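See structure below.
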Protein chains: 2
Amino acid sequence: MEIKKISGGIENIGKIKFNGIKEGKNGLGVVVCKGKVAGVFTTNKIKAAPIKLTMENVKSGEIEGLIVNSGNANAYTGKKGLENAKKMASLLAEKLEVDEGKIAVASTGVIGVQLDMNWIEDRFEEVFKNLGSGRKEALAFAKSIMTTDTFIKESAVRIGDVVIAGVAKGAGMIAPNMATMLAFIFTNADYDSIELRRMLLHALNNSFNVTVVDGDTSTNDMVLLIATGEKKIDAKLFQKALNEVCLDLAKKIAKDGEGATKLIEVVVEGAECDEDAFKAARAVVSSLLVKTAIFGCDPNWGRIVAALGYSDAEMDENITLKFKSKDKEVLLVKNGKIMGGEDDARSLLKENDEIKILINLHKGQGKGFAIGCDLSYDYVRINAEYTT
Amino acid sequence: MEIKKISGGIENIGKIKFNGIKEGKNGLGVVVCKGKVAGVFTTNKIKAAPIKLTMENVKSGEIEGLIVNSGNANAYTGKKGLENAKKMASLLAEKLEVDEGKIAVASTGVIGVQLDMNWIEDRFEEVFKNLGSGRKEALAFAKSIMTTDTFIKESAVRIGDVVIAGVAKGAGMIAPNMATMLAFIFTNADYDSIELRRMLLHALNNSFNVTVVDGDTSTNDMVLLIATGEKKIDAKLFQKALNEVCLDLAKKIAKDGEGATKLIEVVVEGAECDEDAFKAARAVVSSLLVKTAIFGCDPNWGRIVAALGYSDAEMDENITLKFKSKDKEVLLVKNGKIMGGEDDARSLLKENDEIKILINLHKGQGKGFAIGCDLSYDYVRINAEYTT
């Protein structure tokens, strides 16, 4: 069976119902999604209240619904913050007449400010009243979770009658092992929560966990995979499709990194091991000097070599280094020899907004990659003026 | 005996003679400095040719002179690069009639381009002819090693008739354990190279090694401590004075971080151990979100808490957090309670260009600090347009 991309985005996934509202910086989104669930959460020691609550609530492996607010992270808000997160859960639980421990809660936005619960309670009524399964309502949910995102991030595939559809928000504070990133992936497939967790972790290690925008890991990251259990499908095929959805969402997050003008993929081959390849790729994609050079369409590959050199990966000067975009490849360094492709590389950078940096360390069979974006004036503008 | 700061900068250190020239991006500096030497070099696996050569040449613990070029790093330049570095050493060695293995060579600038040896050989004659011990020649040397530096970095102290005087270049690519940073520290004190090395390492661990501009570790970092052996002084006092000189130079490097408008010092107390305190301080000073917030005079302390949370240091939400500049202190968080000092903190950020972030983790007795700078539009501008 073939994995087919759904061009529209999320809509009509089993009996799942969506809705959301966005008013200025504040947003509220609700999903009714009875099913099995697996979650992955931030590794930051300062965990936002909704993270603490939802980590607990998904332990049963079952979920009834999801409530998300944007504009306020409800992080570092103490006991009151946790009460407010619980209050959010209970709003939805009461309507659905289910245990409030079956509701997932997520938040994103500014840290250290208490939620405006009046606004949330008010808007909740309105949002809940108009829940639906169609494109309109799914889109309203996708919009409601955005913060500095400049476009909606969705990805959906179909394998026969099984659908996997995800929606994410990202923008800043994106680092490996997640960051201010929320992603909710829905499917009508039938798996228990243990299988879902295994498959989600596998998909994350090749998508969100190799994505770097600014290296800051947020207090609020959350990825949930929710399965309504209506359709059976081969697990290998499901994994492959889930990987595709996660990678697609991760690329969209990187491409919409705060102020980003270019998506950067760094692919490392020939490392001593896969771990080394990832370390090397991550160092390059995280380097501010590389990121600013790509923004300036400056093929300053010396900075890439310097980043490889401090990456902790086993290496020496015998490196091969290429830039690639679409079908065009420019060879800059071959087995340590400088090939003089700078002018072609500059044109390639100027003409494209998705750049691959291909590296061979000539040390072994290790392979890895990392995804990121350039660093522009707008990153500084957006982040210098966030709370003011 | 008292350690007195010398306001002028480097000049008249024993028999040491300086000179230098800067023409556009290219610079050449020469120092004749017969003495004992200790050196610390980049940890980057891709080491520039002058690094490889000078690591070898200082092993004897004795040195006769130093030759430095700026504008070209002579890094990733293969066998020819190493030949050129040796040629630089031999230019000076021939004039001094000493072994070329007694000359230190340093380079800073673009990676992957061969040196213009004709320019270097030509200018060398001119520079060597006019060597001198006075302020004019020392200043010419200090200027000759600058790249994107916007001001000369010098620091000098006197303890009785012992002088310790250092000159550095920094600007971008500054990370802990050094970065595109060259620092040359001269003294007329009498120590052997083993003592010098021990004291230099101690001083670096409390200065350059806790300084972060952009987290990139360069291929060319070098710190040399050169002692002409003319005067005796108590080792404890010398160490203290050396620490002061190194810290002063490190702060100047951070303050002149590419595009920086503010010097940031993060001081962490109450960590479980000193290592944790440094990790926490480093995470805060390295966070792009913190750096951009400080640039924007935005007292977004939530980003500081988030950085502490992912720093790997033992901690929980019981944090105390203050901003300080000169005599003014603003308490933002006390034992985990939000104190509402944002307006005062915003004024403090707007009115000062040297900001201290004081953190207490309330976990133990560990102390540490890190030095850095804000992230501005100019960092992006400078680095997006470096080679073009």
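Remember, predicted model here, so these are calculated numbers, not experimental data. In what follows, chains carry the letters A, B, and so on, assigned in the order in which the sequence lines appear, proteins first and then strands, with residues in each chain numbered from 1.
With values rounded to the nearest 0.5 angstrom, L375(B) atom CG is found 6.0 Å from L375(A) atom CG. Atoms CD1 and CD1, on I111(A) and I304(B) in that order, are 10.5 Å from each other to the nearest 0.5 Å.
Residues satisfying the ring-ring contact (aromatic ring centres under 6.0 Å, His included) criterion with F295(B), sequence neighbours excluded, are Y377(B). With sequence neighbours excluded, the residues that form a ring-ring contact (aromatic ring centres under 6.0 Å, His included) with Y76(A) are W301(B).
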Discussion item. Test side chain to side chain contact (heavy atoms under 4.5 Å, CB included) on L288(A) and L288(B); report intermediate values, then the result.
Written reply: CA-CA 10 Å; L288(A) 298 197; L288(B) 297 197; 3.7 Å; yes
Item to complete: List the steps and the verdict of side chain to side chain contact (heavy atoms under 4.5 Å, CB included) for L308(B) and K45(A).
Response: CA-CA 8 Å; L308(B) 292 170; K45(A) 287 201 182 72; over 6 Å; no
Item to complete: Go through the steps for V305(A) and T219(B) under the test side chain to side chain contact (heavy atoms under 4.5 Å, CB included), then give the verdict.
Response: CA-CA 9 Å; V305(A) 169; T219(B) 50; 5.7 Å; no
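Contact record, V380(B) with V380(A): CG2-CG2, 3.9 Å, taken as the closest heavy-atom pair.
In this structure, no portion of S311(B) lies under 4.5 Å from any heavy atom of chain A. Proximity to chain A (any heavy atom under 4.5 Å) is restricted, for K47(B), to the backbone atoms N, CA, C and O. For A313(A), the part lying near chain B is the backbone, with the side chain staying farther off; criterion is any non-hydrogen pair under 4.5 Å. Using a 4.5 Å cut-off between heavy atoms, I319(B) touches chain A through backbone and side chain atoms alike. With a 4.5 angstrom heavy-atom cutoff, A283(B) does not touch chain A via any of its atoms. Contacts between D378(B) and chain A at a heavy-atom distance below 4.5 Å are absent for every atom of the residue.
When the shell of 6.0 Å around NZ of K334(A) is examined, it contains 12 or fewer heavy atoms from other residues, nucleotides or ligands. More than 12 heavy atoms of other residues, nucleotides or ligands sit less than 6.0 Å from atom NZ of K363(B). Around NZ of K322(A), the count of heavy atoms belonging to other residues, nucleotides or ligands within 6.0 Å does not exceed 12.
The choice from G78(A), S376(A), A73(A) that makes the most heavy-atom pairs within less than 4.5 Å of chain B is S376(A).
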